[in-house]
Amino acid sequence: MKFMLRKLLPVALVSMLLAGLSGWAVAADSKDPIILPTHNWSSQIVMSYVVGKLFEKLGDNVEYKPADSQAVYESIRRGDVTVSMEVWQSTFGKSFNEALDKGGIIDAGTHTAKTREEWWYPAYVTEFCPGLPSWEALNACAETFSSPETAPLGRYLDGPADWHGQETKDRIEALKMDYKAVFAGSAAALWAELEAAKKNNKPIVLFNWSPNFTDALYGGDFIEFPEYYEGCRKEDGGDGVCGSPPAGWLKKAAYYQMPKKWPAAYKLLTRIDFDKVQIATMAKLVDIDGLEHEEAADKWLADNEAAWKPWLKD
Ligand code: TMO
């Protein structure tokens with residue numbers, strides 16, 4: 001027994017050293033941190049913590065890095081960021097596809113959740129503008145939605161400019177709408193204005209998306225614009241009048257070296273698949289229940305073991 005140990009131990013040590021030095025394919029994941037980006041809306045941050053904590057269950061190291069939601073795909077190509085958990089078709093599809101074309105980033109699969117990102121109003125606003133949710137009706141009511149800063153034009157409260165600033169402006173121009181887009185500084189600013197408008201029974205039209213906490217907690221509707229098709233946007237050479245995809249995809253993305261460097265984590269990443277309620281719940285835990293993002297992730301993991309346990313099994 002002793003003899004065996006003495007003989008085998010140095011062999012094991014040498015091979016570990018070699019593997020470490022040369023990066024030879026070994027079964028275990030690298031101890032370098034897997035870097036997850038955090039953006040400026042709640043479900044994305046909570047989901048990143050959820051997934052980061054799952055990587056940690058594999059024994060991997062994880063770091064979180066605040067990142068611009070468009071530039072992140074370039075960061076992934078370069079390996080400065082390792083994964084992205086919420087690639088939304090409407091807002092980030094273009095940046096993601098451009099990065100795919102350049103190489104260095106992997107499409108790591110599509111979530112079950114379908115997505116919508118569009119102009120939206122809470123249910124009580126219907127009374128202010130007969131004919132909603134059509135965009136023509138909304139346009140005819142422009143003055144009802146105007147504010148001192150936009151009058152006589154209607155005010156459309158959009159999200160932070162890094163989500164899709166130019167697309168909004170292109171659409172308003174292409175449809176000759178009597179609206180002016182005002183960009184919120186943060187997602188929290190959108191919800192603060194929504195709450196204030198509701199409290200004062202004031203009309204409001206703002207950017208929103210699904211899955212989100214509003215799915216369950218606010219009645220409301222997305223505005224119906226001319227139908228989306230590939231290439232309809234101005235930035236893609238189209239006339240720019242189209243709305244967003246009504247059932248867009250939500251993808252995961254990874255640095256192309258991830259399968260080799262963190263094989264176990266990559267395998268887990270490809271299995272991870274969130275549905276609409278799971279993602280809406282991540283948002284709600286922060287935006288309604290007031291938890292910190294990481295606390296929300298802990299609560300989500302505790303409440304959803306049945307969802308994630310199978311992803312960790314071999
Ligand atoms: C990317 N977002 C979900 C905020 O539309």
Side-chain angles (χ1 to χ4, degrees), residues 36-51 66-76 81 83-99 110-122 156-171 181-194 205-218 220-223 225 228 233 235 242-253 274-288 293 296 300:
L36 291 127
T38 54
H39 298 311
N40 48 2
W41 68 96
S42 301
S43 69
Q44 193 277 339
I45 307 174
V46 175
M47 190 190 294
S48 297
Y49 278 113
V50 163
V51 172
D68 177 277
S69 59
Q70 299 291 350
V72 71
Y73 303 105
E74 275 299 302
S75 306
I76 295 175
V81 167
V83 303
S84 169
M85 293 310 304
E86 281 193 22
V87 189
W88 292 65
Q89 180 180 355
S90 180
T91 39
F92 312 129
K94 190 174 172 66
S95 299
F96 173 63
N97 283 325
E98 282 172 2
T110 306
H111 294 283
T112 293
K114 292 285 177 215
T115 57
R116 183 122 192 230
E117 302 170 83
E118 192 55 278
W119 298 37
W120 178 92
Y121 57 92
Y156 167 55
L157 178 61
D158 204 343
D162 67 318
W163 291 350
H164 56 185
Q166 195 53 45
E167 197 275 322
T168 298
K169 293 177 188 164
D170 289 346
R171 196 192 307 181
V182 173
F183 295 90
S186 65
L190 290 177
W191 314 140
E193 283 214 38
L194 174 60
V205 57
L206 70 162
F207 179 67
N208 195 2
W209 56 92
S210 173
N212 200 359
F213 69 88
T214 42
D215 293 344
L217 292 174
Y218 276 81
D221 272 301
F222 291 104
I223 299 292
F225 283 97
Y228 175 87
R233 291 184 170 174
E235 62 199 21
C242 57
S244 299
W249 44 252
L250 184 67
K251 282 183 179 292
K252 303 165 283 179
F274 295 114
D275 67 23
K276 178 172 161 159
V277 171
Q278 289 168 339
I279 296 171
T281 302
M282 292 176 195
K284 175 192 164 280
L285 289 169
V286 172
D287 292 325
I288 300 295
H293 296 108
W300 193 95

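As the structure lists them, so they are numbered: ligands from 1, and atoms in each ligand from 1.
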Q: Please name the residue in the list D158, N40, T168 that meets the side chain to side chain donor-acceptor pair (under 3.5 Å) test with W163.
A: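 Of the listed residues D158, N40, T168, the side chain to side chain donor-acceptor pair (under 3.5 Å) partner of W163 is N40.
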Q: Report all protein residues having a heavy-atom distance below 4.0 Å to some atom of ligand 1; order the list by chain, then number.
A: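 Its neighbours under 4.0 Å (heavy atoms only) are W41, W88, T91, F92, E117, W163, F207, W209, given by chain and number.
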Q) Do you know which of V81, D162, T38 makes side-chain contact (heavy atoms from CB on, under 4.5 Å) with V72? A)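 For V72, the side-chain contact (heavy atoms from CB on, under 4.5 Å) test succeeds with only one of V81, D162, T38, which is V81.
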Q.
Nearest 0.5 angstrom please: D287 CG to F213 CZ, how far?
A.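 Answer for the CG-CZ pair, D287 versus F213, is 5.0 Å.
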Q. Can you check whether R233 reaches Y228 side chain to side chain, under 4.5 Å on heavy atoms?
A.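 They are in side-chain contact.
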**Q.** K94 NZ: over 12 foreign heavy atoms closer than 6.0 Å
**A.**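 Check passes, neighbour count above 12.
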Q: Please confirm whether W209 and F92 have ring centers closer than 6.0 angstrom.
A: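 No - the distance between ring centres of W209 and F92 does not fall below the 6.0 Å cut-off.
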